[in-house]
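Take a look at the structure set out below.
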Amino acid sequence: MIPVRPWLPMPLLSVLLLAMWLMLQQSVSVGQLLLGGFLALVIPLITRPFWESQPTVKRPWLLLRYVLRVLGDIIVANYEVSKLILNPRSRMSPVFIEYPLELEEAFTITILASTITLTPGTVSAHLRLDRRTLVVHALNAEDVQATIDRIHHRYERPLKEIFEC
Amino acid sequence: MPLLLIVLLPLVGGLLPIMSSNERRGACAAVAAAPVLIALAVALYYAGAVLDGEVFRQAYRWIPALDLSLALRLDGLSLLFVLLILGIGLLIIVYARYYLLASDNAPRFYAFLLLFMAAMLGIVMADNLLLLWFFWELTSLSSFLLIGYWYHQSEARKGARMALTVTGAGGLALLAGLLLLGRIVGSYDLQVVLDSRDMIQADPRYLPALLLVLLGAFTKSAQFPFQFWLPHAMAAPTPVSAFLHSATMVKAGVFLLARMHPALAGSPEWLYLVGLTGLATMLYGGYFALLKYDLKGVLANSTISQLGLITLLLGLNNQIATVAALFQILSHALFKAALFMTAGIVDHETGTRDIRKLQGLWRTMPLVAVVAVVAGASLAGVPYFSGFLPKEMLLKESLDTQLLGGLSWLIPVLATLGSLLSVAYTIRLVNNVFFQGPMPELPKTPHAPPRLMIAPGLLLAALSLLIGTLPALTTTALLTAAGNAALVGDTPELHLVVWQGFSLPLLMSAIALIGGAALYWQRKYLFAFQRQFRARDARLLFEASVQSLVHTTQRVIDTLENGSLQRYMLWLVITILGLVGGTLLDATELRGPLPLQPLDGVVIVGAGMAIFAGLATAILHRRRLISLLMLSIVGLMTSLAFARFSAPDVALTQLAVEVVTMILLMLALFFLPQRTPKESGAARILRDVLLATAFGGTVASLNFAVLTRPLESISQFFIANSVPGGGGYNVVNVILVDFRGFDTLGEITVLCIAAVGIYKLLNRLRLFMPSSDAEGRPWSRDRHPLILISVSQTILPLALLVSAFIFLRGHNAPGGGFIAGLVTAVALILLYIAHGVDWCQRRMSFQYQPIAVAGVGLATLTGLGSLALGYPFLTSAIGTFYLPLIGKIKLVTTTLFDLGVYLTVVGATLMILANLGKLTTTHRPSKQKDKEKA
Amino acid sequence: MLDIALWISLALFTAATLLTLYRAAIGPDLPDRILALDTLYVNSIALIVLFGIWLNDKIYFEAALLIAMLGFISTVAVCKYLLRGDIIE
Amino acid sequence: MIGFHTAMEGVIAFFMVAGGVFAFIGALGLTHLRDFYMRLHGPTKTTTLGVGCVLIASMGYFSLVKEGLSYQELLITVFLFITAPVSAHLLAKSALHQKLPRFEPTRDDIPELKEQGEDDEGERASRQP
Amino acid sequence: MDHLIALPILLPLVAGLGLLLNREGPATPRRVVSLVATALLLAVCALLLVQSADGTIRYYALGDWQPPFGIILVADRLSALMVTLTALLALGSLLYASAGNDEQGSNFHGLFQLQLMGINGAFLTGDLFNLFVFFEVLLIASYSLLMHGGGKARIHSGFHYVVLNLAGSALFLIGLGVLYGTIGTLNMADMAAKVPGLDSSRLVLAKAGAMLLLVVFGLKSAILPLYFWLPRAYAAAAAPVAALFAILTKVGIYAILRVFTLIFGAQAGALAYLAQPWVWWLSLATLALGGVGVLSSRDLRTQVAYLIIISVGTLLAGIGMNSIDANAALLYYMVHTTLVTGGLFLLVDIIAHQRGKAGARIVRGRAVNQTALLGTLFFIGALTVAGIPPFSGAVGKALVLKAATASQLVWLWPVLLISSLAAIVALSRTGSTLFWRTSGGERRRERHESGERDKEHERDKDSERGQRRVGAMRTAGLLLLLGASPLLVIFAGPLTDFTSATADQLADQEAYIRSIIEREAPSDATGDEP
Amino acid sequence: MEALFSMTTGVLAACGLFLALRGRTFPVVVGLTLLSYAVNLFLFSMGGLTTGGAALIKGQGGDYADPLPQALVLTAIVIGFAMTAFSVILAIRARSDLGSDHVNGNRLDEPREESS
Ligand code: NA
Ligand code: NA
């Protein structure tokens, strides 16, 4: 990993920004590299005061695995939602679930909440002020505990490993 | 020696008393008298030559565009008046020195008096119609000031205003009349006008011009029915009245009649208008002079009567009568000034002017009584006093008049009646005040006045007597010279002898004298007769009519400008529909020659959505948030339309602006009431729908008409020159920053000013903040949702990167400083939404105003840079550099300009939103409070 | 093939936008309308991209990018309004 | 033998149509589902994916017809996937705040949706296990 | 390169930006900068005026893009006269403001300078869209300045002013769009050159566009059915702001004069002078209603605002008469009325201030402290606006009256003269109430009757007066504006010579077009290399 | 196409005007915004409706949309934004100072809500 220096407060962000710059420009010329590098250095410096919690990726490979898993789940999710929408006679049993959070960092909670929303059958609807409970709306969950467990094992645990361990 | 001195000396001399001390009255009067004396000397210097028939004319260029030159003349008529004005003026100054009280502001008095004098001199010496008008109005003004001199008295204020209103109105009529005359003649030069009598009287505009000029003269001279202001002008200090009634103001009117006599008189119109007005005025004044109890009231009405007499003389279209009028002007000036002075002394010494309270004053003030008797005799037309001869001339000439056709015999009868009346009121005036028994109890114990106070009156009385006894010796030369000026051709030879043998006029005179005495004796019947009528005070009537006029105007204005924006908008729409819609109705064919492009489904759906959302915005306007959401759909569809029709830059800008506008309107939604009450009735809604439909129809028709016509525009130039001249491939952007960069500079200036103005508006703003939403739900306690916070901080660097991208691309691809600025600003606003103002402010230690200003400054400096190189403001320069590794770099100065745009947008947008947000952080109504209330 | 696919896609997206407009119009509640508006924004990104493909020109890329960013922010703002009334506290 | 070009065109066409279909289904969900919380699922997941597909199609298309790869669209896709769940979250939060009516069979015994309860009671409830 | 033409815009822009950067801290530096900048502006404008007197029409091509493609600034006699007038008015009102009004809110001087930039831009630009931009600059600055000092009345009338003008801006864009869509150019000289070549089907469209512009300019100039916003707004504004606003209505009048004598001038065939008949009838109605308004006013500020309406009516009547003489007359009248009404707003402010609680309401109240000075100035001001000799209003009015043709005078003379009479009646009422019918006057009356003076009491009052006397700065501003009136009479000769020459120049559309567009040369030769 | 486009601008302008004639500040401001959308579309279309001809120079001469109205609209949008912002804040200020959101500020017909 790239070490943190005063002029490089968020190395991962800088890398991402450079990548995005090149993506935007669709060019990897020396000029664009220099310009992108410059922006990748300057923008984090400018925006650093606005980062309340600075996520640090402890296990990058796990992150990659997580991303792929979520992408897969998104496709499944869409298939299932489409089925439910297109079959009006399907019997749904919607439910509001109170999901007890283990995560503590704001950033990771956000990732979890987003993941829940993008993945099958669930939308994260409300984070209580104490940050301990996430209210989730499930479109069709007969077994509430099973859904909670699935979220916990499939998403929350890996996130905790990636960011918070 | 310049004639101008005669006018200029009193005018400029008016400043002398102002600079002198109020305490030293003598000095004050002396410095006031000095310029008058010098002016009199100047006039006398010319007098000999003028009496010999010479006419002096001097002119200075002034306003050629107005045909107004500073042209003065001194002919016989002018001389007569100049001598009267300056001579009597001088005596008035002396008199006033003793008249004014210690508490009166003497410098102001003398200044106004000299101004008045100068204005009057200007009238009589003007040799240009417009110049005459200038001075004419100046007399109205200066008399306004003099009448209102004792402004703490209501009568003075009202009298002054009435005088100004009546004479001012007359002045405006006179202006119109003189302009009309000038038009007829083709010149405003007095001599030219006076020489063009035939041309004038043959012109169809003669009658209106005559009417307008006469309106001016009659109002000024207090002719019937405009006489009512004059008695109320006596609220002025008596020296003013003496001056006003003798040599100035009212004399301006008759002067004008005499002055314009050669050009306007001689026609039947003149005869009827002037003659009959004079006659009516003479009788009216005489009758009411007899009935008044106030000493000055009698004198004022006598002035009206006497001026009626003069007007009648001037109106007879008769040369001798005209000379008689001039004679009477002279005579009246002398005895009326003297009479007013005596009245002033009586008032001054006894504290009252009520005839009923006064009698037997000759015992304490015999000299005053002498003056009164002599002046009164002149007024009554007693032989060997100055008033006798003009009256005789009137009676004689009235016999020849064919004024009323078959009823012409009425004229001499009525003229005699007029004389009779003047005899009656004069006897009443003199006898009741100075004789008729012992002195009664008076508010003040009368003393003999200071000798210098009575001296002017004595001098005038003596002059009156002198003229009366030796008319030929004293006045022939002057009257002949004056007559030469007032008549077409030369003055007929005058035989001014008192005793002309027995004749019909003498008999009429005798009837007048005896009858007058008899009327005086039996006046109680007259009083009883008059008592049958309700006394109507002209002042009250005038005030009431002005009041009612003001109330009417207030009603009109309050109805018309009822402070209703809807009403004002309605007028705007009506104007548009009238002017533009009306024009479109003329169009024979709305559709032009261009073929229509085919429709496709996406466009139909998009347009349908825009129309639907627009209608929904309007129909659902009472449900504000929904209306706003619909507006946002319109905004989105508008952007998509721009994209669809090849305007990516416009689409981007519209999108970015739309979002910021939405945020602003959301803020408004919170601080404004959440509900719109139903206020418009069905009729109003229908009206507005019809208006809106008509307006929309107009817009659509115009749009369609233009779209279907081919256009040859200058745009090819921009497309051709964008790359070679502007160094950019995005023509729109090159137009913005280069071809029409000046517009853009103005545009960012507008943005910057708006932000600064909003900052002003937010100063000490007390906001209304609802403690619950429209349905009464309390607000959520989650001020800053955690997930939003995390995302906002993630988006910020991305947005900055995108900003940089859009900014740098702008010159060659869609983008540019403005859009980049909005992207940055919106990302920062997201931070504000997520974290609140306090949190953000702690992390952004800079103020936004300097950024916005610096942005405009940078753009301006970029423009100014080209000045240094000798090019016009905002000329762009392109530089191409080669750098190792990187290659060719093209730098255009307009990039700097665009950077200015960027900074302005960021600074201004944040200044608006963040400052508004700042106001609410500390004072948020809490739910806790609500509960306590419940 | 691409042409047909493009037209089918365009038609589907257009139909989708019409459906979202329907939801925005009938509500019944504010969140429904806001959701519809948000969906409309997202759909219009696709419309713009498809239009770009049709024109064979990428000049509308920035527009799509901006809609993605700005649509989100306006949804956030409206939600904040529903929750707290004051969107910039 | 199908050429690379044709194959690519097929893939692009597939993504385009798939995108359209997903977006349409999402919109259908928006209009047809019974309550707001259910309607939220459609647009959040399906429409996002649908637009993602179109963006991928665009990447493919422009990589095919112009020189060089086109991957700008990736940025929009990333952006959409970051923001869509957040929008949905905030919308659901607002809906909960407004206690929007639920579809009959929904199990909604959370404190946020209790009639007399207010936001902060949810907090209290979670403190008492 | 002669940059003089651009300076009346650039100078206030730079000064304004500098002033906006220095928002807080002591006021003196801002005042000094603002005053110096305005004095410089006056000098620059005067130079421009002198330069323009030779009759040459000069232009300045911004960005070195030649007309008709780039934006140009044009300095002819009319523009030079207008900017000089603006600078003079601005200096007077700024002197006044610098005595304290400027600190009643933030950013006064910066906004003031930018307001000047907008006004000068509108007067100088030769490009129709650029005119729109400068209209907006001056409008947004005027919105902000109108709010200076805050208060209910300002906010209330300000909202009306803003909304109406926003609608006006929308109309401007529509009108502008139609003109561009039919004529294909934005440069006013180029438009003037191309209008004669329009075919009949486009002629109607151009006419509709022109009519829209007329509505917009009418709104700005406060013509009859569109003036209702003005009295309240002007009466509510802070004195120096209201004084400066005296020029704002003239911007509208200028725009009407410029567009409808140049683009739609004699050369325009069927569209020649198409606005003038409308302007004529509406101006008469404006005049009449202005007279009614002056009589109806319950407040001195409102009264002055209605006097502005009268002056607007007179000016527009001048335009409506549509002759060289009338244009010359209205230009003289414009100079006079702008300075004097500006000065009156300042004077009214002092009077209201010294009258204490009665303020500007036309009711009996406390006497002002400096009766002689203020009374004299009020008298002069009132006479001037009422058009009574010997002050400039009389000259202006006489010029306008004299310019009327036989068929025009039948309407104009009665209306104008009667509205003058209304002004006389109203102002004499006002003046006598304000200066004569005072509570102090009653005390004077007692003294008058008892014939003695209470010296002690006098001294007490004098010390109180000392605090409420008008300062040197305010007096200077006031005298600069009101003092113009006698000067305008004394030097009426040279000034009317200039305005006559200006009217001649306005009537010669061909010369204007020739000075800017070289129609012989093919258009591609004009695109210069920067 | 032209007819539909014109109809759209007409309807939007009409709706905007209708709102501008309402009695409360908020609808008036919304109406003016709507009107400005209509005007922007109108002004933009004065150069004609071009499909696929964005004014980006691509080397060879092409059929470009008229760039000038586009530039004008851009300027108009920005100015309109500044004006809208000002009028929005002014409406808030008016409500705060006058106690009512009526455009004529003269109706105190709402309960005075909590203010700081
Ligand atoms: Na521009
Ligand atoms: Na711009």
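Order of the sequence lines sets the chain letters (A, B, ...), proteins ahead of strands, with each chain counted from 1.
- In terms of heavy-atom proximity, B/L141 sits nearest to E/P389 at CD1-O, 3.3 Å.
- Two residues are said to be in side-chain contact when any heavy atoms from C-beta on lie closer than 4.5 Å; B/R709 and E/T182 fail this criterion.
- Using a 4.5 Å cut-off between heavy atoms, E/I174 contacts chain B through its side chain alone, with no backbone atom that close.
- Looking only at heavy-atom pairs under 4.5 Å with chain E, the residue among B/A173, B/P64, B/G578, B/A65 that has the most is B/A65.
- Here the closest heavy-atom approach between residue E/A406 and residue B/R183 is recorded as N-NH1, 4.1 Å.
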- request: Dump the intermediate steps for side-chain contact (heavy atoms from CB on, under 4.5 Å) on B/I63 and E/L495, then the final yes or no.
  value: CA-CA 9 Å; B/I63 313 178; E/L495 183 56; over 6 Å; no

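- Contact check for B/L572 versus E/F228: no side-chain heavy atoms found under the 4.5 Å cut-off.
- Aromatic rings of E/W65 and B/F739 (six-membered ring for Trp) have centroids within the 6.0 Å cut-off, being under it.
- Within the 4.5 angstrom heavy-atom criterion, no atom of E/N187 approaches chain B.
- Here the side chains of B/V706 and E/Y180 are not in contact, with every heavy-atom distance at 4.5 Å or above.
- If you measure heavy-atom distances from E/P414 to chain B, you find no contacts under 4.5 Å at all.
- Side-chain contact check for E/S432 and B/R157: no donor-acceptor pair (N or O, by modelled atom type) lies under 3.5 Å.
- Of the atoms belonging to B/V856, heavy atoms from both backbone and side chain fall under 4.5 Å from chain E.
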message: Would B/T575 and E/L282 count as a side-chain contact (heavy atoms from CB on, under 4.5 Å) here? Give the steps.
response: CA-CA 11 Å; B/T575 315; E/L282 290 176; 5.5 Å; no

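- Within the 6.0 Å centre-distance limit, the rings of B/F742 and E/F134 are counted as a close aromatic pair.
- Looking only at heavy-atom pairs under 4.5 Å with chain B, the residue among E/T496, E/V137, E/V294, E/N130 that has the most is E/N130.
- For a residue to count as touching a neighbouring chain, one of its non-hydrogen atoms must lie under 4.5 Å from one of that chain's; by this rule E/V14 touches chain B with the side chain only.
- Interface remark: B/L175 contributes side-chain atoms only to the contact with chain E (heavy atom separation under 4.5 Å).
- Using a 4.5 Å cut-off between heavy atoms, B/Y149 does not touch chain E at all.
- In this structure, chain E has no heavy atom under 4.5 Å from any part of B/R205.
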message: Working note: B/E712 + E/K194, criterion side-chain contact (heavy atoms from CB on, under 4.5 Å); need CA distance, chi angles, decisive distance, verdict.
response: CA-CA 11 Å; B/E712 280 173 49; E/K194 284 177 178 161; over 6 Å; no

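- Looking at B/L861, there are no atoms closer than 4.5 Å to chain E (heavy atoms on both sides), in backbone or side chain.
- To the nearest 0.5 angstrom, B/T749 atom OG1 is 5.5 Å from E/L13 atom CG.
- For the atom pair CH2 of B/W133 and CD1 of E/I388, the computed distance is 7.0 Å after rounding to the nearest 0.5 Å.
- Distance check: E/L171 CG to B/F695 CZ gives 5.5 Å after rounding to the nearest 0.5 Å.
- E/L20 touches chain B through backbone and side chain together, each having a heavy atom under 4.5 Å away.
- With hydrogens and angles ignored, the 3.5 Å screen pairs no side-chain donor or acceptor of B/R108 with any backbone N or O of E/A372.
- Expressed to the nearest 0.5 Å, how far CD1 of E/I424 lies from CD of B/E137 amounts to 6.0 Å.
- One distance of note links CD1 of B/I758 with OG of E/S144; it measures 8.0 Å at 0.5 Å rounding.
- Residue contact with chain E, scored on non-hydrogen atoms closer than 4.5 Å, involves the side chain of B/Q847 exclusively.
- Of the atoms belonging to B/E561, heavy atoms from both backbone and side chain fall under 4.5 Å from chain E.
- Proximity to chain B (any heavy atom under 4.5 Å) is shown, for E/D325, by neither the backbone nor the side chain.
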field: Step-by-step side-chain contact (heavy atoms from CB on, under 4.5 Å) determination, E/I155 to B/L761
entry: CA-CA 9 Å; E/I155 300 294; B/L761 275 181; 4.1 Å; yes

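- For E/R429, the parts sitting under 4.5 Å from any heavy atom of chain B are the backbone and the side chain alike.
- For B/F718, the part lying under 4.5 angstrom from a heavy atom of chain E is the side chain only.
- No part of B/N703 comes within reach of chain E, as not one of its non-hydrogen atoms sits under 4.5 angstrom from that chain.
- E/V425 approaches B/V546 most closely through the heavy-atom pair CG1-CG1, 4.2 Å.
- How far NZ of E/K402 is from CG of B/L179: 8.0 Å, rounded to the nearest 0.5 Å.
- Ranking B/V573, B/N763, B/V750, B/T552 against chain E, the residue ahead of the rest is B/V750, based on heavy-atom pairs under 4.5 Å.
- Contacts between E/L417 and chain B at a heavy-atom distance below 4.5 Å involve backbone atoms as well as side-chain atoms.
- Contact annotation for E/L145: neither backbone nor side-chain heavy atoms come within less than 4.5 Å of a heavy atom of chain B.
- With a 4.5 Å cut-off on side-chain heavy atoms, E/F69 and B/N721 do not count as touching.
- Looking at E/L73, the atoms closer than 4.5 Å to chain B (heavy atoms on both sides) all sit in the side chain, from C-beta outward.
- If you measure heavy-atom distances from B/L864 to chain E, the contacts under 4.5 Å come from the side chain alone.
- Looking only at distances, a side-chain donor or acceptor of B/W62 sits under 3.5 Å from a matching main-chain atom of E/V489.
- The nearest pair of heavy atoms linking B/P872 to E/G63 is CB-N, 4.3 Å.
- Heavy-atom distances place no part of B/I18 under 4.5 Å from chain E, backbone and side chain included.
- For chain B, the nearby part of E/F379 is the side chain; its heavy atoms alone come within less than 4.5 Å.
- For B/A852, no part sits under 4.5 Å from any heavy atom of chain E, backbone or side chain.
- Between E/D190 and B/I714 there is a side-chain heavy-atom pair separated by less than 4.5 Å.
- Contacts of E/I9 with chain B are made by side-chain atoms alone, with heavy-atom separations under 4.5 Å and no backbone atom involved.
- E/S420 and B/L172 make their closest contact through CB-CD1, 3.9 Å (heavy atoms, listed as atom of the first residue, atom of the second, distance).
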